[in-house]
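Here is the structure we will look at, set down as structure tokens.
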Amino acid sequence: MSKKRVLSGVQPTGALHIGNWLGAIRNWVELQNEYDTYVCVVDLHAITVPHNPEKLKSDTLSTAALYLACGMDPKKCSIFVQSHIPAHSELCWLLNCVTPLNWMERMIQFKEKALKQGDNVSLGLLDYPVLMAADILLYDADLVPVGEDQKQHLELARDIAQQRINSRFRKGNNPVLKVPKPLIMKEGAKIMSLLNGTSKMSKSDPNEGSRIGLLDTADTIQKKIKKAKTDQHFGLEFNNPNRPESDNLLGIYSMVTNQSREIVAKECFDIGWGKFKPILTDALIDSLLPIQQKYNTLIEDRSELNKVLKEGTDNANKLSGQTLLRVKQALGFLERINS
Ligand code: TYM
């Protein structure tokens, strides 16, 4: 039996943070051992908000290098850049034409991001979730490992595949598109801001102090944790609705030290913030150090990175080309004659 397939991606919009790692990339690293795994740097998504062309290029490369530094293994998975595969844009167009506009207007992330953009909201921002559906559906993905914030986008991809393509265009028993499932782990699915335990850690937060970057130096990590929001209580605990910062930072501590929540809860229930913060700082520095060392080597070795991306692109191209053809045939497009 052939392996089930996984697809996921991260936008190259600035430095990746521990939310991207603990909520998504770390899970990919486990999944690649069991699944046929495709991960892309979703650069077409990065231009749905105003962007800097030079930075897009370096962020794309740096995101790919971080995938490898975090443990993605090109022998076990395909790593590629979304814009190198034209089928993403092409399937997006086909899906655009069957997706009701009012489905798009309901998307929470669109509403949130549009609010921040004021008068400058692009059509691409509204269309973003359809492009994401194309990313997933092109690879017949069974599972899509993401953080909690992507749940609604995954539901849209499922609805488009099921209700707008398969139920309308299938011939006989074979569906045109595979309907994917989200994989959202219980732990790490929503890492919160260091400055507000009720708001998500995000690349777009203008305050850098709200997040720990994967490439932050030890000194920066120490300063950020020092300034992280605390509360009046003594001792750290999980699941107290009045103490979101305690829940978040203890959760991060548990994940970066690979210890269970029970163990860290026991370790920290009778220590104050003053004692806990340096412990968390050391744990973060120690867990990020191997990633940073690997990244620093990789980012200098452009030919190795190019090789990995080329192989990934070749694999992605083959697979996505087959799906695109299947969709075009189902929709009734005249086939191109190759002389
Ligand atoms: P992006 O680039 O915002 O985030 C990348 C991944 O990191 C997860 N994530 C978090 N997880 C836990 N806590 C957080 N604070 C946190 N912040 C981000 C996200 O859930 C995501 O899994 N639309 C996607 C990119 C995308 C994609 C795809 C993903 C485009 N096409 C196809 C999967 C499949 C996004 O903006 O992710």
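Counting starts at 1 for both ligands and their atoms, in listed order.
Near His45, with a cut-off below 4.0 Å to any heavy atom, the atoms of ligand 1 are 30 (C), 31 (N). Of all atoms in ligand 1, numbered sequentially from 1 with element shown, those under 4.0 Å from a heavy atom of Ala24 are 6 (C), 7 (O), 22 (O). Heavy-atom contacts of Ser8 reach the following atoms of ligand 1: 33 (C), 34 (C) (cutoff under 4.0 Å). Those atoms of ligand 1 with a heavy atom of Tyr128 less than 4.0 angstrom away are 23 (N), 24 (C), 25 (C), 35 (C), 36 (O). Remark: ligand 1 atoms within the under-4.0 Å shell around heavy atoms of Leu7 are 32 (C), 34 (C). For ligand 1, the atoms closer than 4.0 angstrom to any heavy atom of Met201 are 14 (C), 15 (N), 17 (N). For ligand 1, the atoms lying closer than 4.0 Å to a non-hydrogen atom of Ala189 are 11 (N), 12 (C), 13 (N). Near Gly23, with a cut-off below 4.0 Å to any heavy atom, the atoms of ligand 1 are 11 (N), 12 (C).
Using a 4.0 Å cut-off between charged nitrogen and carboxylate oxygen, Lys3 and Glu34 do not count as a salt-bridge pair. Under the 4.0 Å criterion applied to side-chain N and carboxylate O atoms, Lys4 and Asp36 are not assigned as salt-bridge partners. Look at Asp314 and Lys310 and you find a salt bridge, because one of the NZ, NE, NH1 or NH2 atoms lies within 4.0 Å of a carboxylate O, short of that distance. Ion pairing between a basic and an acidic side chain is recognised when a charged N comes within 4.0 Å of a carboxylate O; Arg5 and Asp142 show no such pairing.
Remark: minimum distance from atom 9 (N) of ligand 1 to any protein heavy atom is reached at Asn20 ND2, 3.8 Å. In this structure, the protein non-hydrogen atom closest to atom 37 (O) of ligand 1 is Gln150 NE2, 3.9 Å. Looking only at protein heavy atoms, the nearest one to atom 13 (N) of ligand 1 is Ile191 N, 2.8 Å. Atom 29 (C) of ligand 1 has Gly9 O, 3.5 Å as its closest protein atom, hydrogens excluded (heavy atom only).
Residue Ile225 holds its CD1 atom at 12.5 Å from CD1 of Ile279, rounded to the nearest 0.5 Å. In this structure, Leu131 CG and Leu91 CG are separated by 9.5 Å, a value rounded to the nearest 0.5 Å.
Under the 30°/60° scheme for interplanar angles, the aromatic rings of Phe276 and Tyr253 are found to stand perpendicular. Ring pair His88/Phe80 is tilted by interplanar angle, where 30° to 60° counts as tilted.
The proximity of Asp135 to ligand 1, defined as any non-hydrogen pair under 4.0 Å, is limited to the side chain. Only the side chain of Val144 comes within contact range of ligand 1, with a heavy atom under 4.0 Å; no backbone atom does. Looking at Gln82 against ligand 1, nothing comes within 4.0 Å, counting heavy atoms. Only the side chain of Ile136 comes within 4.0 Å of ligand 1, counting heavy atoms alone; its backbone N, CA, C and O stay farther away.
Side-chain polar atoms of Asn33 and Lys76 form a donor-acceptor pair below 3.5 angstrom. When only modelled atom types and interatomic distance are considered, Gln109 and Gln152 share no side-chain donor-acceptor pair under 3.5 Å.
Remark: distances from the non-hydrogen atoms of His17 to ligand 1 include one below 4.0 Å. Proximity of Lys203 to ligand 1 is established by a heavy-atom distance of less than 4.0 Å.
Between Met185, Met132, Lys200, Glu148, it is Met132 that holds the heavy atom closest to atom 27 (C) of ligand 1. Of the candidates Asp205, Asp149, Val146, Asp149 brings a heavy atom nearest to atom 20 (O) of ligand 1.
Between His153 and Phe110, the ring center distance fails the sub-6.0 Å criterion.
Here the side chains of Val41 and Leu61 are not in contact, with every heavy-atom distance at 4.5 Å or above.
A side chain to side chain contact (heavy atoms under 4.5 Å, CB included) with Val6 is found for exactly one of Tyr35, Trp28, Tyr139, namely Tyr35.
Taking distance alone, with nitrogen or oxygen atoms compared against 3.5 Å, Gly19 approaches ligand 1 more closely than that limit.
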